[in-house]
Engineer: 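Below is the structure I would like to discuss, written out as structure tokens.
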Amino acid sequence: MTVAKELLGKLLVHETKEGTTIGRIVETEAYEGPEYKASHAYNNLRTERTEVQYGPKGHAYVYQIYGMYFCFDVTSGRLVGKPEAILVRALEPIDGLGVMMRRRGVSNGQIANLTAGPGKLCAAMGISKKQNGVDLCVPPLRIETGGTRDERQIVQTGRVNIDYADKWKYLPWRFFIKNNAFVSRPN
DNA sequence: TGCACGATTCTCT
DNA sequence: GAGAATCGTGCAA
């Protein structure tokens with residue numbers, strides 16, 4: 001929960017040969033295993049997919065969903081070996097807008113549509129399973145301080161699309177920046 | 001080896 | 001608001 005809030009306002013930077021893209025993190029969700037069913041690592045489920053959640057913290061956990069989209073998480077928690085991760089659900093585009101638009105397959109229109117959603121931000125930032133497990137403290141994919149974050153502007157609500165998680169689906173482990181136009185779902 | 005489904009997005013109504 | 005697109009993953013057999 002601490003890291004989910006701390007990540008808000010920080011910058012995600014990806015340097016690729018297509019160019020550098022930068023986005024400010026504005027929406028996150030916390031997934032803590034093994035006790036809570038919403039987590040992929042519920043019950044200490046340990047497979048090829050979930051493996052990086054058990055590794056070093058501050059690394060990328062990238063997985064594919066619905067056969068066509070990727071989601072990007074940051075591994076977190078105090079203990080290596082205990083699976084915890086923060087899903088990044090939305091970014092505010094800061095730099096590399098042209099590259100983002102090309103990757104998203106749009107030539108004009110809403111900037112808010114570029115990175116408002118976990119699948120969208122991965123496409124815009126050029127994140128795929130190739131980035132699974134990389135250290136987010138060093139290039140080419142890294143998180144930087146420098147963004148701003150006002151503790152009073154953080155909204156806390158329930159997580160999105162985890163109906164399968166029984167009673168745990170009601171936990172208020174989603175955080176986003178109030179009134180920010182780039183949040184995926186402003187409620 | 002087979003099968004149901006998802007931490008989503010887009011389009012159409 | 002409903003339905004499609006689309007396939008890796010996890011679990012049953």
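Proteins come first, then strands; the chains are lettered A, B, ... in the order of their sequence lines, and each starts at number 1.
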Engineer: Over all strands shown, is Gly119(A) touching base, sugar-phosphate only, or nothing at heavy-atom distances under 4.0 angstrom?
Structural biologist: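 Here Gly119(A) touches the backbone only, sparing every base.
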Engineer: Could you give the CG-to-C1' distance, from Asn161(A) to dT9(B), as a whole number of Å?
Structural biologist: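 Atom CG in Asn161(A) sits about 11 Å away from atom C1' in dT9(B).
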Engineer: Tell me which nucleotide among dT9(C), dT8(B), dC10(B) gets nearest to the side chain of Arg49(A).
Structural biologist: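 Output: dT9(C).
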Engineer: Send over the distance from Glu48(A) CD to dC11(C) C1', rounded to a whole Å.
Structural biologist: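 In whole Å, dC11(C) C1' and Glu48(A) CD are 16 Å from each other.
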Engineer: Taking any heavy-atom pair under 4.0 Å as a contact, classify Leu87(A): base, sugar-phosphate, or nothing.
Structural biologist: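 Base contact.
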Engineer: Checking contacts here: which listed nucleotide (dG6(B), dC10(B), dT8(B)) is nearest the side-chain heavy atoms of Tyr164(A)?
Structural biologist: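 In terms of side-chain proximity for Tyr164(A), the closest of dG6(B), dC10(B), dT8(B) is dG6(B).
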Engineer: Roughly how many Å is it from CG in Asn113(A) to P in dC10(B), rounded to a whole number?
Structural biologist: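 About 6 Å, once rounded to whole Å.
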Engineer: Choose from dT9(B), dT9(C), dA5(C) the nucleotide whose nearest atom is closest to any side-chain atom of Lys129(A).
Structural biologist: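 Closest nucleotide to the Lys129(A) side chain: dT9(C).
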Engineer: Using atom CG of Leu45(A) as one end and atom P of dA7(B) as the other, report the distance to the nearest whole Å.
Structural biologist: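 After rounding, the gap between these two atoms is 12 Å.
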Engineer: So, the side chain of Arg104(A) versus the backbone of Asn113(A): is there a donor-acceptor pair under 3.5 Å, distance only?
Structural biologist: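 At least one qualifying donor-acceptor pair exists.
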Engineer: Would you say the side chains of Glu15(A) and Thr20(A) form a donor-acceptor pair under 3.5 Å?
Structural biologist: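 Side-chain D/A pair, Glu15(A) to Thr20(A): absent.
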Engineer: Strictly below 4.0 Å: does Lys120(A) bring a side-chain N or O up to OP1 or OP2 of dC10(B)?
Structural biologist: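 Checking Lys120(A) against dC10(B): at least one side-chain N or O falls below 4.0 Å of OP1 or OP2.
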Engineer: Kindly say whether the aromatic ring centers of Phe72(A) and Phe70(A) come within a distance under 6.0 Å.
Structural biologist: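 Ring centroids of Phe72(A) and Phe70(A) are no less than 6.0 Å from each other.
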Engineer: On the nucleotide dA7(B), are OP1 or OP2 found under 4.0 Å from the side-chain N or O atoms that His40(A) carries?
Structural biologist: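 For dA7(B), OP1/OP2 do have a side-chain N/O of His40(A) under 4.0 Å.
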Engineer: So, OP1 or OP2 of dT9(C): does either fall under 4.0 Å of a side-chain N or O from Thr47(A)?
Structural biologist: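 Indeed not, no polar side-chain atom of Thr47(A) lies that close.
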Engineer: Between Trp173(A) and Tyr31(A), does the ring pair (Phe, Tyr, Trp, His ring centres under 6.0 Å) criterion hold? Intermediate values first, please.
Structural biologist: CA-CA 8 Å; Trp173(A) 286 359; Tyr31(A) 286 88; 8.3 Å; no
Engineer: Both distances under 3.5 Å, Watson-Crick or G-U wobble: report the partner of dT9(B), or none.
Structural biologist: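 The answer is dA4(C), by the H-bond criterion.
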Engineer: Taking the cut-offs as 6.0 angstrom to the six-membered ring centre and 45 degrees off its axis, would you call Arg46(A) and Tyr54(A) a cation-pi pair?
Structural biologist: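 Judged by the rule, Arg46(A) and Tyr54(A) form a cation-pi pair.
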Engineer: Can you tell me how far apart CG (Leu141(A)) and CD (Gln131(A)) are? Round to the nearest 0.5 Å.
Structural biologist: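 So the gap between those two atoms works out to 6.0 Å.
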Engineer: Can you check the Ile65(A) CD1 to dA4(B) P distance for me, whole Å?
Structural biologist: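 From Ile65(A) CD1 to dA4(B) P: 18 Å.
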Engineer: Please state how far atom OH in Tyr63(A) lies from atom C1' in dC5(B), giving the value in whole angstrom units.
Structural biologist: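 Atom OH in Tyr63(A) sits about 14 Å away from atom C1' in dC5(B).
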Engineer: Can you check the distance between dC5(B) and dG3(C), where both ends of the measurement are the C1' atom (answer in whole Å)?
Structural biologist: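 Rounded to whole Å, the distance is 16 Å.
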Engineer: For Ala165(A), which contact category applies under a 4.0 Å heavy-atom criterion: base, sugar-phosphate, or nothing?
Structural biologist: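 Counting heavy atoms under 4.0 Å across all strands, no contact is made by Ala165(A).
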Engineer: Please tell me which of the listed nucleotides, dC10(B), dT8(B), dA7(B), lies nearest to the side chain of Gln53(A)?
Structural biologist: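 Minimum distance to the Gln53(A) side chain belongs to dA7(B).
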Engineer: The side chain of Gln64(A) is closest to which nucleotide in this list: dT9(C), dG8(C), dA7(B)?
Structural biologist: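 Nearest nucleotide to the side chain: dG8(C).
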Engineer: Indicate whether Tyr66(A) forms a stack on dT8(B); treat it as stacked only if centroid distance is below 5.5 angstrom and interplanar angle below 30 degrees.
Structural biologist: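 Given the distance and angle limits, yes, they stack.
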Engineer: Closest approach to the side chain of Arg104(A), judged atom by atom: which nucleotide of dA7(B), dT6(C), dC10(B) is it?
Structural biologist: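 Looking only at side-chain atoms, Arg104(A) lies closest to dC10(B).
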Engineer: In whole Å, I'd like the distance from the CZ atom of Arg159(A) to the P atom of dT8(B).
Structural biologist: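 Going from Arg159(A) (CZ) to dT8(B) (P), I get 12 Å.
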Engineer: Starting from P on dT11(B), measure out to CE on Met68(A) and report it in whole angstrom.
Structural biologist: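 So the two atoms are 11 Å apart, to the nearest Å.
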